[in-house]
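Letters A, B, ... mirror the listed sequences (proteins, then strands); counts begin at 1. Values in this document were obtained by computation on a predicted structure and should not be read as measured data.
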There are 2 protein chains.
Amino acid sequence: MFEVLAENLLGRIGRLKTRSGRVAETPLFLPVINPVTQDVPASWMKKELGAEAVITNAYIISRRLREEALRTGVHALLDFDGMVMTDSGGYQILEYGEVEASPEEIAELQEEIGSDIAVPLDVPTGLSGREKAEETVEKTLRNLQATLSFLEKRGERRCLWAAPIQGGIHLDLLQSCARKEKEMSFDLFALGSPTPLMEGYRFDKLFKMIYAARSAIGFGKPLHLFGAGHPMIFPFIVALGADMFDSASYYLYAKDDRYMTEYGTIRVDKLDYLPCYCPICSRIDAGELRKLERGERVKLLAMHNLYVCFEEIRRIKQAIRDGRLMELLELRARCHPSLYQGFVEIMRDGDLLRAMEEHTPISSRRGINIYDGLSLRRPEIALGRRRLLQNCFTGRRHEGKALLLPETLRVSFEKASRIPEDLDMLFYGSPYGLIPLGLRYSYPFSQTNYPKTLLDECLDDLIEEAVKQLKAAGYSKVLIVAARSKALERFGRELARRLRELEIEVEEVEDIRELMKGRK
Amino acid sequence: MFEVLAENLLGRIGRLKTRSGRVAETPLFLPVINPVTQDVPASWMKKELGAEAVITNAYIISRRLREEALRTGVHALLDFDGMVMTDSGGYQILEYGEVEASPEEIAELQEEIGSDIAVPLDVPTGLSGREKAEETVEKTLRNLQATLSFLEKRGERRCLWAAPIQGGIHLDLLQSCARKEKEMSFDLFALGSPTPLMEGYRFDKLFKMIYAARSAIGFGKPLHLFGAGHPMIFPFIVALGADMFDSASYYLYAKDDRYMTEYGTIRVDKLDYLPCYCPICSRIDAGELRKLERGERVKLLAMHNLYVCFEEIRRIKQAIRDGRLMELLELRARCHPSLYQGFVEIMRDGDLLRAMEEHTPISSRRGINIYDGLSLRRPEIALGRRRLLQNCFTGRRHEGKALLLPETLRVSFEKASRIPEDLDMLFYGSPYGLIPLGLRYSYPFSQTNYPKTLLDECLDDLIEEAVKQLKAAGYSKVLIVAARSKALERFGRELARRLRELEIEVEEVEDIRELMKGRK
């Protein structure tokens with residue numbers, strides 16, 4: 001039913017197959033379709049965007065289009081032959097207080113109309129306080145039990161069934177809800193996301209919810225996120241473990257005359273140019289867009305916004321394949337200070353980073369880009385440093401000496417062979433600390449790009465790593481060959497100072513040739 | 001001839017009008033057209049991309065298409081009725097050693113074929129060492145004199161004439177060349193950019209060259225940059241003062257099977273998805289692209305690459321109008337560590353930042369986004385801080401007391417009126433330092449977005465700014481009201497500690513209500 005094809009951080013490319021035999025690739029973005037108005041037709045989304053799936057609302061169908069849906073099925077109703085997910089009406093409870101339907105009725109409808117993915121009637125937590133939140137979790141779990149009993153009695157399932165995870169920002173409640181659902185017979189999970197968080201740009205809280213849900217349910221089944229909002233957060237929610245998400249933002253923004261870009265939103269009245277060449281924006285300019293009759297403008301804006309969303313999904317997928325999802329997060333973190341804050345909190349969460357490390361391949365077909373102290377915390381660096389420490393330094397204790405060379409220095413085989421054997425050649429200036437000669441050209445050390453400015457912006461961190469390595473090896477003496485470049489030279493000097501503080505014997509050497517055999 | 005319509009940093013939206021009456025808006029990207037092969041036709045660029053200008057090579061025309069060009073003019077030759085710039089063959093000198101043409105011949109040809117913008121035959125510096133560089137500058141200046149004498153004898157000019165600035169990475173030479181050219185009768189300037197810098201990702205050096213050229217020629221006339229390369233650097237070269245630039249990269253990358261994105265380049269054999277919905281990528285997927293016959297693939301790739309370049313130009317223009325060019329630099333700095341390094345060096349260049357400050361409007365229709373210590377150096381912050389210091393703090397010396405309140409605290413008019421008059425209410429936690437009550441909701445203070453993490457990442461900087469303000473005002477005592485949030489609370493505590501170190505009297509207050517009149 002769900003197969004993971006590639007991983008990076010907690011994001012993955014997956015292949016989802018429904019009971020109806022429909023297949024889609026994750027990360028999967030499901031545009032919300034209003035079954036009554038179909039403001040942008042689902043068939044257009046399939047044809048022009050290559051949309052593999054959409055989501056619509058079973059409760060609205062049951063109130064407004066019940067007979068037709070039962071007669072034709074939901075795919076014909078929407079004129080969409082891709083994957084159709086139906087939400088249960090929980091959102092309507094959140095917005096309007098309650099719905100006039102039982103879990104059994106909603107479940108039966110979804111099975112009858114042939115939804116590919118169905119959601120039991122849940123009771124969303126939203127931004128409720130703790131007491132109310134507990135209540136919504138209990139009610140949701142009760143509804144899930146009722147739904148499962150109903151389905152069992154009914155016999156074979158046609159839909160994949162997604163368990164809605166509630167609890168909101170109360171992460172312990174959310175996790176306990178998810179753990180209980182994990183023991184039930186659901187096919188996937190769907191995290192209720194409090195829309196007000198998104199509206200208030202509290203992305204940090206949303207990110208924590210996603211990781212809390214993912215770590216509670218494990219990595220086997222897909223996790224859907226309800227209401228993912230603006231595309232600039234898509235890379236984050238994928239990197240934190242969401243495989244699928246829906247959003248109506250493309251249309252809600254359009255109705256509000258807001259033009260999406262991959263890096264933020266611009267109000268149509270402030271648009272002088274359309275910074276896009278999607279098929280919509282290739283045909284029209286900003287002035288013409290503004291002058292369109294409102295209905296037409298909303299429609300074209302919604303279509304443009306959809307192109308932006310789908311484009312971001314493609315970027316994310318390509319980034320996962322390339323092992324470059326972190327690079328995309330670095331970019332998107334600078335789309336808004338609130339996203340940056342969320343990013344910083346991700347990069348400070350040791351648990352999460354370790355989980356990301358476990359799910360990030362140890363080699364990648366494209367290089368790793370490091371920018372600053374934050375990027376130094378990324379999984380590949382942590383892993384690379386740990387492996388170096390364990391395999392090349394710890395317990396070495398051969399009482400030999402370390403010869404530290406600037407990383408910019410080229411050392412030919414001939415030159416290296418003239419260095420006395422009791423000197424271990426190590427290169428300084430790398431984000432990983434000191435790199436032994438033999439590993440210098442291997443992954444990830446030689447595939448890691450970093451700016452020279454790292455040496456001054458992160459001096460302390462890099463020096464501490466080198467000190468840790470030298471101490472673990474137990475060298476009796478450290479020789480440091482001076483560098484030509486200012487930044488590296490300063491680094492060498494600071495490292496020498498720090499080692500002397502620790503009462504490790506240090507000798508500063510002007511030129512590597514001074515040490516070569518046959519010269520003395 | 002050139003009119004500046006909007007400015008942000010050293011970038012501007014301008015209106016360029018040629019002697020032939022053609023008009024184009026800057027920043028202006030001119031795709032390089034090979035007049036013989038026209039791999040992507042100039043007419044297609046006009047129709048599909050809205051290209052207002054292209055550049056072609058007068059030397060190649062003189063060797064291969066001379067008669068036709070003289071007969072029909074360069075616009076008919078290219079089938080392009082927009083603005084046509086012609087380069088002189090200097091690039092061929094750089095690549096092949098010399099050209100078989102005199103400055104006068106090349107100048108005459110450009111006038112005769114009706115180029116809108118012409119370039120005298122120059123002698124590019126490339127990455128030459130100092131001695132060779134001096135020679136190229138001398139030869140270039142001699143050629144320029146010869147060209148001007150020729151043009152004077154000839155009578156009225158048809159072309160705008162651009163003075164090529166040489167000197168390469170030898171910035172003093174480059175500036176002395178530019179200053180001499182400034183005294184000559186040229187209409188615009190064109191900076192010779194050493195392509196090897198771009199190929200070696202030495203963007204920092206390129207950026208310094210652009211600013212050196214711009215500051216030498218002043219701000220009145222347009223500056224063109226030869227060979228701008230990848231679109232991810234466009235925002236930087238615009239922000240540093242280039243109004244126009246050409247590039248053949250769209251085609252050179254395509255020939256090398258490289259697919260441009262606004263954030264970097266991906267080799268076609270590593271593309272699993274096309275992260276783009278331009279009219280090319282909407283019609284084809286990555287697998288199909290790879291399987292195309294080579295000629296067709298190169299053409300479609302070149303077209304896609306052009307869409308990416310033009311899209312970035314639109315983003316830049318919109319950003320200038322919005323006062324958001326710095327936001328675009330923050331994003332693009334994370335496209336590659338070399339760009340980040342170039343960005344850091346921009347943000348550490350006091351001279352450049354002051355120049356940017358002078359050319360950045362003091363108000364903007366969209367907010368200012370701050371991320372970290374680097375963003376704190378941006379012009380709006382420097383200006384905001386200076387104005388605060390001068391107008392609200394310096395020389396105040398009223399021997400009154402300062403009441404420091406956390407910036408998250410809401411203070412109603414009624415509450416404020418109950419604070420004793422000898423207490424100046426100032427809010428702490430802002431990137432600008434302390435904000436007086438009366439300025440709290442005015443630009444730029446309330447339009448500046450920043451993450452909470454700024455308070456710990458930049459604690460020292462923010463505290464020093466506050467101390468500077470308090471000392472400038474000469475308050476006899478400082479009262480600090482504690483904050484609820486952890487980050488702000490720590491800030492208040494650290495500020496109190498620092499003030500005590502400086503022997504300024506500090507009182508820490510738990511709750512603002514303790515100070516209210518009528519309560520005591």
CA sep, side-chain torsions, deciding dist, call: B:Arg365, A:Asp272, salt bridge (Lys or Arg N to Asp or Glu O under 4.0 Å):
CA-CA 13 Å; B:Arg365 63 183 178 185; A:Asp272 300 287; 2.4 Å; yes
If you round to the nearest 0.5 Å, how far is [atom2] of [Y] from [atom1] of [X]?
X        : Y        : atom1 : atom2 : value
B:Phe343 : A:Thr453 : CZ    : OG1   : 11.0 Å
A:Tyr263 : B:Arg315 : OH    : CZ    : 5.5 Å
B:Glu457 : A:Tyr340 : CD    : OH    : 3.5 Å

Under the 3.5 angstrom rule, does the side chain of [X] hit a backbone N or O of [Y] as a donor-acceptor pair?
X        : Y        : answer
A:Glu48  : B:Ser282 : no
A:Glu311 : B:Tyr277 : yes
B:Tyr371 : A:Arg334 : yes

Could you have a look at [options] and say which one has the most heavy-atom pairs with chain A under 4.5 angstrom?
options                               : value
B:Cys278, B:Pro451, B:Pro337          : B:Pro337
B:Arg332, B:Glu327, B:Glu25, B:Arg267 : B:Glu25
B:Asp285, B:Ile266, B:Ile313          : B:Ile266

Is there side-chain contact between B:Arg321 and A:Tyr273, with at least one heavy-atom pair below 4.5 Å?
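Yes, their side chains come closer than 4.5 Å.
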Atom group of [X] that falls short of 4.5 Å from chain B, counting heavy atoms:
X        : value
A:Phe310 : both
A:Asp322 : side chain
A:Leu274 : both
A:Tyr450 : backbone

Within 6.0 angstrom of B:Lys486 NZ, more than 12 heavy atoms from elsewhere
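Result for NZ/B:Lys486: open.
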NZ (B:Lys270) with more than 12 external heavy atoms under 6.0 Å
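Yes, the 6.0 Å shell around NZ holds more than 12 heavy atoms from other groups.
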Largest heavy-atom contact set with chain B, pairs under 4.5 Å, which of [options]:
options                                : result
A:Glu330, A:Lys452, A:Arg283, A:Glu345 : A:Lys452
A:Thr261, A:Leu374, A:Leu49            : A:Leu49
A:Leu454, A:Leu331, A:Ile13, A:Asn449  : A:Leu331
A:Ala319, A:Cys335, A:Gly373           : A:Cys335

Could you report the tightest heavy-atom contact between A:Thr265 and B:Arg366, atom names first, then the distance?
O-NH2, 2.8 Å
Indicate the atoms forming the closest heavy-atom contact of A:Arg348 with B:Asp456, along with that distance.
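Scanning both residues completely, I find the closest heavy atoms to be NH2-OD1, 2.6 Å.
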